[in-house]
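In what follows, a single structure is set out as structure tokens and then discussed.
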Amino acid sequence: MGRAEERRARQRGGRRAAPKSRRSPSTAGASTATATPTAPASPAPGGRAAARGRSAPGGKPAKGRIRRLFTWKKILGTFFGLCLLGIGGFVVLYLMVPIPAAGNVAAKQESNVYEYANGDVLARSGKVNRESVSLAKVPKDVQHTFVAAENKTFYHDSGVDLRGTARGLLNTLSGKGAQGGSTITQQYVKNYYLTQNQTVTRKLKELVISLKVDQKLTKDQILAGYINTSYYGRGAYGIQAAAQAYYHVDASRLSVQQGAYLAALLQAPSQYDWAVASPTGKKLAKARWNYVLDNMVKQHWLDAGDRQSMTFPVPKEPKGAPGLEGQKGYLIELANKQLEQKLMKDEGISASQAEAEVVGRGWTITLNIDKKKQAALENAVKDQLTSKLNPKKRKVDGNVQAGAVSVDPKTGKIVALYGGQDYFKHYYSNATRNDYQPASTFKPVILAAALEQGATTQDGKPISANTIYDGTSRRPVVDHGNKVGFAPPNEDDVDYGPITVQRAMNASVNSVFAQMGIDVGMDKVMSVAGKLGMDTKGMQAVPAQTLGSMGASPLEMAGIYATLDNHGKKVTPTIVAHAENKTRQVQMDDPIGDPVISREAADTVTSVLTGVVDDGTAKVSVAGNPLRAGQQVAGKTGTSDKNRSAWFTGYTPDLVTSVGLFGEDPKPPNAHVSLQGATGLLPPPGRINGGGYPAQIWAAYTFGVTHKAKFDLETTQGAAVQPSDTPSPSQSTSETPSSTPSSSSPSASQSPSRTPSQTPSRTPSQSPSSQTPSQTPSSEPPTGDVSPQNPLDPAAG
């Protein structure tokens, strides 16, 4: 059967006759002899489909159907059809979308209302700070800084960046957020006519309106609109308000250096604001400033020689807006920041876009702040600290800054916050600043990491509350027999000898926790710190971090200890309950997350920290406080190198509060300075330690707003469930480090001079406000007692 006959047979539903077999010579004869006629074969199952799927003669696959479906003509036709459809759709869109008759800036700029948790009004943000100026009043060089920063082709382009817009559309469709570029014209249209919402509809409107605006307005008109509607931070809309907010001058008097900084701000106003920027933020701001000026040189708008002689123009100190006096400004600042972060996450917008969407946009924002607890915290700081400061009499008193954050560990709500004496006097919030060392308040993180990782000592013994370490001051830290080049001193160079982890935490023994950090592995320690809530980005996992040498804020430390209090479930302190305006409602993420460490590890750390309060550095101010009324308390003191910061972070079962004192020179650049000698009430040398004023503030506040309660702990270790200084004989024998074979019992390190519980003369009989270390100068033995009444508190580090 030929191919034509085969094709006709398939069309009739038939089947090609079986081809003659190809016989080998050895079988050909037999086959011929026995061959008999056969009846035509019936059609095989599958009919035509089966026939199509067979190989063509010669064994080659049949490709006819594929070729018919995917021809070059069809592919090109489909492509050009889609292109024509897209062009047609854009033409229709271009004809249907007009330039709005009036911008919506004025309509969007409304006062925000901030409420306490009970609905009482905390504050209104006041009138939006915006004042438009004509471009003629802005120096030409300053105009060029904005073009150099945002859109070098501004004076020549058609008002849109098609490639950047396409990238932005794809990012929006794929959920990647705001990563597409846009021109000054597009940004002006977005600011003045549209919103910051990252939707395909909004981006398409932006594209069409930008093309029309570029045809209708001159470049100068567009540039004027852009610099007058952009948000610069510090509540300032427009270049005139920004010039006043950052340099206290009119826009007409801005220098090119100052203009370059304002232009750089538009990328991330809060992050680049010199007054509140982190060290990383300052580096980024300066890099952006250099980028702007270098672009001006490339565009021939600035002489290269003049560029080389320019120095960074540090902005002036900010001033609080009316109505934000006292603590209000600090509360609103954090609320705005957390709402912005939520919008960035949910709507895929940038930091600058989110900030512009929050400030002065008619929001009603309900905070988690408890009005009574807020008042109690403010009163505690005043009674225990600020009422005793007299900068006119003692210069050091003017260097004292206090910050505090109080969190409900079961809900993650920030119920009270103290950012400084007054938002008008100290713009930078001490509650959220992370430029001071947390010192020994980091030690519980090391213990948590050891317990979570099941770490062992150098001789293979499991690390627990009863493990014995060598507490000798300046003992070289070793890693499997090798010295790591780190031998920290204990406070006042006290040698504790063999000492349990529990007592080492009570006395805040640096040498013990430096070695423990190496035993666990510093990378693991920093990993656990990040899981608990510390911002560890960019931190090096080095032995010095065991002394809390990194930066941290009271907000961070409150979150870490709240996670411990919440049995290892992650707590992200949140100040915003919910927010709404005319266009949308925002419900914040649940502050309580999944477990980040085991309950046993978290509860064991809590149990150990009760010993710090009952038998250690916080005994006088907290354990012996007459307001305590039987409450169970866990906490840790901390005093940093050179007495530049002092901390107490503590908690009851229902409230966590972190209090920090910071030494800051009030004059720019606001250098870190010592707190020593502040208040004039301490005996020489007047050291401010964590067990003093920070612990006193904590106790006066906490015991006034919490109820009597006991910790619900699932652990067999620590001071809350067993004596803190009497480990079992078997433990003391088996866990004694090999480096101290002669010290088989912990009693060797427990001399009366080092046991604060054995100094009954220090039990306070005064009210909390009078529990000042200066009132017991006779209780300062030179042996290095761990009581916070010793001005050289071993909690340092």
To the nearest 0.5 Å, how far apart are CZ in F424 and CG in L324? 6.0 Å
Between T563 (side chain only) and V571 (backbone N and O only), is there a donor and an acceptor less than 3.5 Å apart? yes
Taking atom types as modelled and ignoring hydrogens, do the side chains of Q267 and Y272 form a donor-acceptor contact shorter than 3.5 angstrom? yes
Correct closest heavy-atom pair for L555 and I414 would be CD1-CD1, 3.7 Å
Hey, what do you get for OG (S553) to CE (M534), rounding to the nearest 0.5 Å? 8.5 Å
Let's go through Q258 and W289 carefully: what are the C-alpha distance in whole Å and the side-chain angles of both, what is the deciding distance for side chain to side chain contact (heavy atoms under 4.5 Å, CB included) to 0.1 Å, and is it a yes or a no? CA-CA 9 Å; Q258 293 170 335; W289 177 80; over 6 Å; no
Side chains of W647 and P554, heavy atoms from C-beta outward: is any pair under 4.5 Å? yes
Give me the ring orientation class for H426 and Y428: parallel if the planes are under 30° apart, tilted from 30 to 60°, perpendicular past 60°. perpendicular
Tell me whether E340 contacts the main-chain N or O of V358 through its side chain, where contact means a donor paired with an acceptor under 3.5 Å. no
Distance col, row I575:CD1 vs L334:CG, nearest 0.5 angstrom, shows 4.5 Å
Show the nearest heavy-atom pair for residues M344 and S350, with the distance to one decimal. CG-O, 3.8 Å
Residues at least two apart in sequence or cross-chain that pass side-chain hydrogen bond (donor to acceptor under 3.5 Å, both in side chains) with R433, listed by chain then number, are N430, D435, E664
Side-chain donor-acceptor pair present, S134, K137, cut-off under 3.5 Å: no
Are any of the side-chain heavy atoms of V213 and Y193 separated by less than 4.5 Å? yes
Backbone N/O of D665 and side chain of N670: donor-acceptor pair under 3.5 Å: yes
Measure from the side-chain N and O atoms of Y232 to the backbone N and O of I227, and report whether any donor-acceptor pair falls under 3.5 Å. yes
Where do N336 and Y114 land on the side-chain hydrogen bond (donor to acceptor under 3.5 Å, both in side chains) test, with the steps shown first? CA-CA 10 Å; N336 285 350; Y114 300 84; 2.7 Å; yes
Donor-acceptor contact present, side-chain Q143 to main-chain L135, <3.5 Å: yes
Under the 6.0 Å and 45° cation-pi test, does K219 pair with F154? yes
Rounded to the nearest 0.5 Å, what separation is found between the CD atom of Q437 and the CZ atom of R644? 8.0 Å
Is it true that S270 and E355 share a donor-acceptor pair across their side chains at a distance under 3.5 Å? yes
Taking the side chain as every heavy atom from C-beta outward, state whether P139 and V256 have any atom pair closer than 4.5 Å. no
V520 versus V528: any side-chain heavy-atom pair under 4.5 Å? no
To the nearest 0.5 Å, what is the distance between CG on L343 and CZ on R584? 5.5 Å
Does T145 reach the main-chain N or O of V142 with its side chain, forming a donor-acceptor pair under 3.5 Å? yes
Could you go step by step and tell me if R234 and Y246 meet the side chain to side chain contact (heavy atoms under 4.5 Å, CB included) rule? CA-CA 8 Å; R234 295 193 183 183; Y246 288 92; 3.3 Å; yes
Looking at K337, I want to see if its NZ is surrounded by more than 12 non-hydrogen atoms of other residues, nucleotides or ligands under 6.0 Å. no
Exam field: side chain D250 to backbone A243, donor-acceptor pair closer than 3.5 Å: no
Apply side-chain hydrogen bond (donor to acceptor under 3.5 Å, both in side chains) to residues N434 and T432 and explain how you reach the verdict. CA-CA 6 Å; N434 60 358; T432 58; over 6 Å; no
So which atom in S549 and which in A544 form the shortest heavy-atom distance, rounded to 0.1 Å? OG-O, 3.1 Å
Tell me, yes or no, whether the heavy-atom count around K282 atom NZ, taken from other residues, nucleotides or ligands under 6.0 Å, exceeds 12. yes
Is a side-chain donor or acceptor of Q545 paired with a backbone partner of Q540 at a separation under 3.5 angstrom? yes
Measuring only between side-chain heavy atoms, which start at C-beta, is N191 closer than 4.5 Å to Y237? no
Return the CD1 to CZ distance between I239 and F146, rounded to the nearest 0.5 Å. 4.0 Å
Is V160 close to Q186 at the side-chain level, that is, under 4.5 Å between some pair of heavy atoms? yes
Kindly determine whether F312 and Y261 satisfy ring pair (Phe, Tyr, Trp, His ring centres under 6.0 Å), including the steps that lead there. CA-CA 8 Å; F312 184 78; Y261 175 70; 5.6 Å; yes
Between V525 and T546, does a side chain to side chain contact (heavy atoms under 4.5 Å, CB included) hold up when you go through it step by step? CA-CA 9 Å; V525 170; T546 58; over 6 Å; no
Residues two or more places apart in sequence or in another chain: which of them pass side-chain hydrogen bond (donor to acceptor under 3.5 Å, both in side chains) with T583? N581
Between P573 and G559, the two heavy atoms sitting closest are CG-CA, 3.6 Å
What are the two closest heavy atoms between A529 and F442, and how far apart are they? CB-CE1, 4.0 Å
Using a strict threshold of under 4.0 Å (side-chain N to carboxylate O), is an ion pair present between E150 and R288? yes
Would you check if W274 and E317 make a side-chain contact, meaning some heavy-atom pair closer than 4.5 Å? no
Do the side chains of P438 and M550 get nearer than 4.5 Å, heavy atoms only? yes
Kindly say whether M539 contributes a backbone atom to a donor-acceptor pair with the side chain of T536 at under 3.5 angstrom? no
Given E347 and Q353, is the side chain to side chain contact (heavy atoms under 4.5 Å, CB included) satisfied, shown in steps? CA-CA 10 Å; E347 300 181 9; Q353 291 170 336; over 6 Å; no
Minimum heavy-atom separation for A431 to L417, with atom names? CB-CG, 3.7 Å
Taking Q215 for its side chain and K212 for its backbone only, find out whether a donor-acceptor pair lies under 3.5 Å. no
